[in-house]
Amino acid sequence: MKKRNIFLICLVSLFILSFTIGGYFIKKYHHKNVKSKPKMYCYKNFRSPEIPVSVLIIEDLDLKIPYLKYYQELKQGKEPYLPNELPLKGMPQYSPVYVMGYTKDSLLANVVSYYDRGFWFGGSYTRGWVLAECLHKNPPEKP
């Protein structure tokens, strides 16, 4: 019975050790892959070119229709109401994002941000969808 217990302890220890080391390398590879993608900045200037504004991010493509409707009304000069289902999570204007890809219709871009929002607001890694036309190669000029 003792040999069996020692064997199980060794097996569990080996599993935990391999999971820890493997997780480290997977995380390292993932962040290296993200940072190899195009770096851009998220902001919109629909109202005035001199006043860039932060862009909302959605983490679920199920919110695509109300998200696009909100921005369409905003571009038309209306004062749209933010639908209840859309989160109030914005992308910082002066912090870069990495573009992972686009939707099939190229209206939304899948981006990753390393901006640190703090422990209670998601930490320093955010992945989601933003309006593709709000991506720019350079940050906005500071007023």
Side-chain angles (χ1 to χ4, degrees), residues 4-143:
R4 184 174 182 205
N5 288 342
I6 293 173
F7 176 75
L8 286 176
I9 290 171
C10 289
L11 187 65
V12 169
S13 298
L14 183 64
F15 177 75
I16 290 172
L17 183 64
S18 63
F19 185 77
T20 304
I21 293 172
Y24 168 78
F25 285 111
I26 289 171
K27 179 182 171 185
K28 184 177 177 179
Y29 171 76
H30 173 71
H31 290 300
K32 184 178 178 182
N33 179 43
V34 168
K35 291 185 178 182
S36 72
K37 302 296 182 186
K39 182 165 70 169
M40 302 188 91
Y41 295 86
C42 283
Y43 58 92
K44 63 181 188 252
N45 47 9
F46 298 139
R47 301 287 169 103
S48 170
E50 297 86 32
I51 307 172
V53 180
S54 182
V55 177
L56 295 176
I57 183 171
I58 56 173
E59 294 176 352
D60 188 2
L61 273 179
D62 291 341
L63 301 173
K64 179 180 176 180
I65 301 299
Y67 183 79
L68 290 174
K69 182 181 176 195
Y70 172 79
Y71 276 110
Q72 185 64 32
E73 290 178 2
L74 193 64
K75 285 191 278 186
Q76 293 172 354
K78 299 178 183 176
E79 289 294 332
Y81 290 102
L82 190 63
N84 289 337
E85 62 265 16
L86 288 182
L88 275 176
K89 191 172 193 178
M91 297 302 294
Q93 304 170 43
Y94 300 101
S95 180
V97 297
Y98 298 92
V99 181
M100 304 303 289
Y102 295 89
T103 55
K104 290 181 183 179
D105 56 10
S106 298
L107 293 175
L108 298 178
N110 188 352
V111 298
V112 171
S113 170
Y114 285 106
Y115 178 76
D116 190 5
R117 290 174 171 78
F119 177 76
W120 298 108
F121 299 104
S124 62
Y125 183 88
T126 301
R127 186 167 186 165
W129 300 89
V130 297
L131 198 59
E133 65 185 273
C134 294
L135 292 174
H136 304 276
K137 292 198 182 281
N138 300 311
E141 292 182 21
K142 293 188 179 186

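- Under a cut-off of 6.0 angstrom, the local environment of NZ in Lys39 is sparse, with at most 12 non-hydrogen atoms contributed by other residues, nucleotides or ligands.
- Between the side chain of Tyr114 and the backbone N or O of Tyr98 there is no donor-acceptor pair closer than 3.5 Å.
- When all heavy atoms of Ile57 and Arg127 are compared, the closest pair comes out as CD1-C, 4.2 Å.
- One finds the NZ atom of Lys69 at 13.5 Å from the CG atom of Leu74 (value rounded to the nearest 0.5 Å).
- Trp129 is listed as a side-chain neighbour of Leu61, based on a closest heavy-atom distance under 4.5 Å.
- Smallest separation of non-hydrogen atoms from Pro96 and Tyr41: N-CE2, 3.6 Å.
- The distance from atom CD1 of Ile58 to atom CG of Leu68, rounded to the nearest 0.5 Å, is 7.0 Å.
- Counting all heavy atoms, side chain and backbone alike, Tyr102 lies closest to Ala132 at CE2-CB, 3.9 Å.
- Rounding to the nearest 0.5 Å gives a distance of 13.0 Å between CE of Met91 and NZ of Lys44.
- The two residues Pro140 and Tyr94 come nearest to each other via the heavy atoms O-CE2, 3.1 Å.
- His136 is not listed as a side-chain neighbour of Met40, based on a closest heavy-atom distance of 4.5 Å or more.
- For Gln93 against Ser54, the heavy-atom pair with the smallest separation is NE2-N, 3.7 Å.
- Atom-to-atom distance recorded for His30:NE2 and Tyr125:OH is 3.0 Å, nearest 0.5 angstrom.
- Tyr67 places a side-chain N or O within 3.5 Å of a backbone atom of Leu131 that can act as its donor or acceptor partner.
- Leu86 and Tyr70 make their closest contact through CD1-CB, 4.4 Å (heavy atoms, listed as atom of the first residue, atom of the second, distance).
- A distance of 5.5 Å separates NZ of Lys89 from CZ of Arg117, quoted to the nearest 0.5 Å.
- Rounding to the nearest 0.5 angstrom, the gap separating the OH atom in Tyr43 from the SG atom in Cys134 is 10.0 Å.
- The local environment of CG in Asp105 is crowded, with over 12 non-hydrogen atoms from other residues, nucleotides or ligands closer than 6.0 Å.
- Residues Leu135 and Val55 are not in side-chain contact: their nearest non-hydrogen atoms beyond the backbone lie 4.5 Å or more apart.
- Inter-residue side-chain proximity for Val111 and Lys37 is flagged as unmet; no heavy-atom pair is nearer than 4.5 Å.
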